[in-house]
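Report on one structure; see the data block that follows.
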Amino acid sequence: MIIETLTSPVILFFILGFFAACIRSDLTIPEPFAKAMSIYLMAAIGLKGGVEVASTGFSSELLSAAVAGIALGFTLPILAFFLLRSLGKLDAIDAGAVAAHYGSVSVVTFVTAIELLTGQGMRPDGFMVGVMALMETPAIITGLLLARAYAKKTELPSGASDNRDGGSSLIHEVLTNGSVILLLGAFAIGMVAGEARFEPIKPLFAIGFNGVLCLFLLDMGLIAARRLLQTKKITVPLASLAVLLPIINGSIGTLVGTLIGLDPGSAAILGVLSASASYIAVPAAMRLALPQADPGIYLSMSLGITFPFNIIFGISLFAALANFLAKFIG
Amino acid sequence: MIIETLTSPVILFFILGFFAACIRSDLTIPEPFAKAMSIYLMAAIGLKGGVEVASTGFSSELLSAAVAGIALGFTLPILAFFLLRSLGKLDAIDAGAVAAHYGSVSVVTFVTAIELLTGQGMRPDGFMVGVMALMETPAIITGLLLARAYAKKTELPSGASDNRDGGSSLIHEVLTNGSVILLLGAFAIGMVAGEARFEPIKPLFAIGFNGVLCLFLLDMGLIAARRLLQTKKITVPLASLAVLLPIINGSIGTLVGTLIGLDPGSAAILGVLSASASYIAVPAAMRLALPQADPGIYLSMSLGITFPFNIIFGISLFAALANFLAKFIG
Amino acid sequence: MIIETLTSPVILFFILGFFAACIRSDLTIPEPFAKAMSIYLMAAIGLKGGVEVASTGFSSELLSAAVAGIALGFTLPILAFFLLRSLGKLDAIDAGAVAAHYGSVSVVTFVTAIELLTGQGMRPDGFMVGVMALMETPAIITGLLLARAYAKKTELPSGASDNRDGGSSLIHEVLTNGSVILLLGAFAIGMVAGEARFEPIKPLFAIGFNGVLCLFLLDMGLIAARRLLQTKKITVPLASLAVLLPIINGSIGTLVGTLIGLDPGSAAILGVLSASASYIAVPAAMRLALPQADPGIYLSMSLGITFPFNIIFGISLFAALANFLAKFIG
Amino acid sequence: MVATVQRKRIEILVDTPLVPRIIAIAKKIDISGWSVIKIASGGGRDGRWDHDEITGAAAKSIVLMIASEEKAGSFADEVAPLLESHGLLITIGNVEVVRGDRF
Amino acid sequence: MVATVQRKRIEILVDTPLVPRIIAIAKKIDISGWSVIKIASGGGRDGRWDHDEITGAAAKSIVLMIASEEKAGSFADEVAPLLESHGLLITIGNVEVVRGDRF
Amino acid sequence: MVATVQRKRIEILVDTPLVPRIIAIAKKIDISGWSVIKIASGGGRDGRWDHDEITGAAAKSIVLMIASEEKAGSFADEVAPLLESHGLLITIGNVEVVRGDRF
Ligand SMILES: Nc1ncnc2c1ncn2[C@@H]1O[C@H](COP(=O)(O)O)[C@@H](O)[C@H]1O
Ligand SMILES: Nc1ncnc2c1ncn2[C@@H]1O[C@H](COP(=O)(O)O)[C@@H](O)[C@H]1O
Ligand SMILES: Nc1ncnc2c1ncn2[C@@H]1O[C@H](COP(=O)(O)O)[C@@H](O)[C@H]1O
Ligand code: NA
Ligand code: NA
Ligand code: NA
């Protein structure tokens, strides 16, 4: 499967972007265009998931997958936090911030995995989009609690930054996060509209999808490589953890998915979600809630190392693991 | 029809955006992307109208609809102006500016109406696109004349702002307005190219149309709700007028359309055009010609109240009225 | 063929943009949207070329076309340079900068030519995309060498601007230029992926192509006309050269293409490439390497005159010439 | 050290549709150039305002001009009547301009 | 010549996600308004940084405020504790504001 | 009141493709950082110019740097030879920087 992955145009565009940044080409994707593509991808994936659930109906797997996703979101940061402190030598603030990223999810990794798995006959269930949306934010809370519990008093934000509305504004920010609203909203629209009413808007959202994903991954390749080249904050232990954490979390996620009875495709996706690290929602929340944490560390790890690792190796790995576990356990 | 409207993805995306802004989500559509979508929508609607006229040929309805549209554009602001002064308690400057908005048209309301009417077997004539373009600007002139006639000397712009080139530059601005040029230009291209030459570019402009409209209305929902939440200028009488004026103007427009012999779909569209209020072309012209008028008032009314009202209720209303009048009069 | 050209929607949109700018309409295409379209067009044209080469295999024409293209890129600026100095009365710096533009290529002219030729049954070979990418940069080197050889000492950049890293950074800039990387990268992806793997991304890149080209040419029309209207630097001899140079270079290119055995469509495209003048890659390189050269001259000539000339007349001209030469020589 | 001259740095915060009017005034009193910077968002007496809108009427810009003290004064005089009606905000600061004799 | 008053021009360079926090402080001490300008790219102790990213967390902005000397002082006092943790850069300059009594 | 130090605010208006050259000079004389702001449109001796172009060659930017008087002087000296050929506009103003000892 890894060779099929590496000859897929979607992945080749990512590699092209990565390569272009490495030879320091001036190729850039205008930021509003990248944001537009990400809005399009989220709306499309949400709609398609919702339409699918509308035609298959609710199933018990949907509920157990949702509960498992939320539970993983809350608990995965704990292991990550202690590994980051012990092996990674990070202080509590930075470790909490990084752990929150690894407990949350990357939408583009998810979307790419859906495409690759579908291409190989392991199409995940439509409701996994909803599960992804639910997994975006719980880790933020765990990460913050860990940072606050273990940080020395002097390291914590003082004065204006952790005043009363600091906490409530963060909770508000987390619950009304743009990508969560868009994903769940498009999912709901897909469910309300159903297959028939989806027809007129299908061409844009279904036909254009793969091509847009190519251009978006071209940009992600540029961004990931530029992050890696610029950073001065990534030690060897941290770089290793940026590969180790997705392997650990992804294996846990795939196992949990198999145990709660998901089909191999959906279990693999739960693994990919667990393995992936956020680089949009969580960084913004961390900048607000833990401004002392160093963005150089969490962005370089999640965007510069974990994202490419998952795109190129992780997805194939968890697909193989899910197939293996399905035979073994099933 | 109102239930069909409320379960259409196009409208659901508008509601999603409105809802997201109400819970103060940080979801935003990058401005250049929104502008790109509006250019796309205008080019597509112009092209389709032109191609249609190329295949059906000119008809006498085309001419009478054009004359009716221009006449409505010039006269509708007059009633609005006096209602805004008496009921709305606005001074002459603000009343003139708001009246100009309600005499002009909203392209997106038009486009949404075309989609909804087509979906219900009431497809309007292709030439109505041309009528819309002609209705964009006459109201600006009426609104300005009213403001100048009724404003006290001291309220009017002094010194540099109403100097010689002020007037001529406004007329130039009105005649060369970007959206008018694009709509009429695409209409002309559609007519010159005809069905056969339109074929190669049809996929982008025809197939993608509905999906782009969804994303654009998502943005309009965000903008409309944010306008409403921010504003401190809207009194109860003004809010009522923002619902009353579209009902009055829309009914007049539908009636005129029926009387000049348009089919119900086209009569309904003439009603929708009359009911809709501009929020792109006219605000820019007013900022230039009547800088003393308060943008907080005219944008909140047209964007925050009238636009949502028309999208959700107005279109269905004028469709029903057109069907009723067709039976009654026809 | 010129009438077919003038009624093609692609060209009509260019004319619409040109006209809108001439009547000083405020119509504008947001810059990030224009950049997004140009990235899309380059990715699409690269992919399609690569996929085609993957299915037809390498041919000897590919190699000779590549060699011819590079040779033309290096040599065409020489004639241009001396014409610009003698007829155009430019100094060596400005003449070198302008010559570099005319030796390089315009991607949009190429893409438009592909569309027009394909529409008339003269579909060029897929590998011509690669040839275009190779022709983007050689002329920069020739132009610089000419400027340096003929400029007086005092005219040349002094101090910080031509220090050691100036040269190496220019060579780097030229080799890693974003559009070259994107074109060649997409070409390579198309070759690796092949027809079957191209299928899922084909809808976006193949179906939307013509429509996007329309909107892009609308913007080019606006830009070209605004350039022309703003400029105060274009003398009658320079304006004449901006028409003469594409005719000369395009005839040379078409002849060379025919002589090395290309089919008429591909020979015409080599003519179009030779005739076209860069307005993205070369201006940026010149601003860096020859900051004393006046952008008002080279942008007005290439963007304001040569681009419209090629789009409206040049392409038809070289197509006719290629057909004529094919009969005469073949 | 390289020669500098003392000039005024004029910053005018204005609704984007009115920028041409400001520039017309600047040209009238022969100010040599101007630069426009887009404002992303802002707020004032009317409360928060955001630029993420398709209606360009609400967009705001800063017009930046470097000019001599004399021209800056004439400019302020010319533009003052528009202050209220157009909602302008005009600030004038001192800067040294490197080799700036042409301004 | 038209009347001007002396005011402070405060410029705060800050990560975009933290802009609301700066504005909240400005409102607390009753500064009449603010304008936000987007930074396209930049660099500091961490080396070059570029804005072309989809992760808004790395975006930077300038918050520009015109205020009286007194309010500018209170603002600087209020915001100083955040300087280190939030990586702010705050500059205060003198400007003349045309008819600026309301600031 | 919080401590401030006196620094120079350097603003260089330059064609965007030449920004890296300006930054290279700033680094050479060890200026601690810089911020780049995009100019939306402008005009000078050449008449009106607009940024809405796909050819990046015509884009313009402002490079903003806070530096000590000494470094600002060295910077001006270094950059002066480029003034004519590169069409730069350089202004230097005074600002107070809050807790700005590192600049
Ligand atoms: N004191 C200030 N400092 C900086 N910008 C301001 C200030 N006051 C107002 N503004 C800007 O001017 C716009 C209009 O303000 P106002 O006229 O008070 O509604 C705001 O949106 C801000 O962008
Ligand atoms: N001396 C300076 N002048 C202007 N901007 C600066 C300066 N130092 C830092 N910056 C800006 O502040 C950001 C963060 O700088 P730093 O905190 O040094 O990493 C940079 O990306 C620049 O945009
Ligand atoms: N006096 C000025 N104040 C502010 N910006 C200026 C001034 N003069 C020129 N500029 C800017 O510098 C660019 C080039 O001007 P010039 O070199 O005169 O053609 C213009 O497009 C403006 O953006
Ligand atoms: Na995860
Ligand atoms: Na109306
Ligand atoms: Na050429």
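On a predicted model such as this, the values are computed, not experimentally measured, just so you know. Quick note on labels: first sequence line is chain A, next is B, and so on, each numbered from 1.
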Atom [atom1] of [X] and atom [atom2] of [Y]: how far apart are they, to the nearest 0.5 Å?
X        : Y        : atom1 : atom2 : answer
A:Ile181 : B:Asp26  : CD1   : CG    : 9.0 Å
B:Phe33  : A:Met37  : CZ    : CE    : 10.0 Å
A:Met191 : B:Leu12  : CE    : CG    : 11.5 Å
B:Asn210 : A:Leu204 : CG    : CG    : 9.5 Å
B:Leu27  : A:Ile39  : CG    : CD1   : 6.5 Å
A:Leu182 : B:Ile29  : CG    : CD1   : 7.0 Å

Considering only heavy atoms, which portion of A:Leu47 lies under 4.5 Å from any heavy atom of chain B: side chain, backbone, both, or neither?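 Only the side chain of A:Leu47 comes within 4.5 Å of chain B.
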Side chain, backbone, both or neither: which part of A:Ala193 has a heavy atom under 4.5 Å from chain B?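 Interface part for A:Ala193: both.
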[X], part contacting chain A, at a heavy-atom distance under 4.5 Å:
X        : result
B:Leu213 : neither
B:Pro32  : side chain
B:Phe209 : neither
B:Leu16  : side chain
B:Leu215 : side chain

Looking only at non-hydrogen atoms, find the nearest pair between A:His172 and B:Ile23 and report the distance.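 Heavy-atom minimum between the residues: NE2-O, 2.9 Å.
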Closest heavy-atom pair and its distance - A:Arg197, B:Pro9: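 Smallest heavy-atom distance, with atoms named: O-CG, 3.4 Å.
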Count the heavy-atom pairs under 4.5 Å between each of A:Gly185, A:Ala36, A:Gly194 and chain B, then report the option with the highest count.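 It is A:Ala36.
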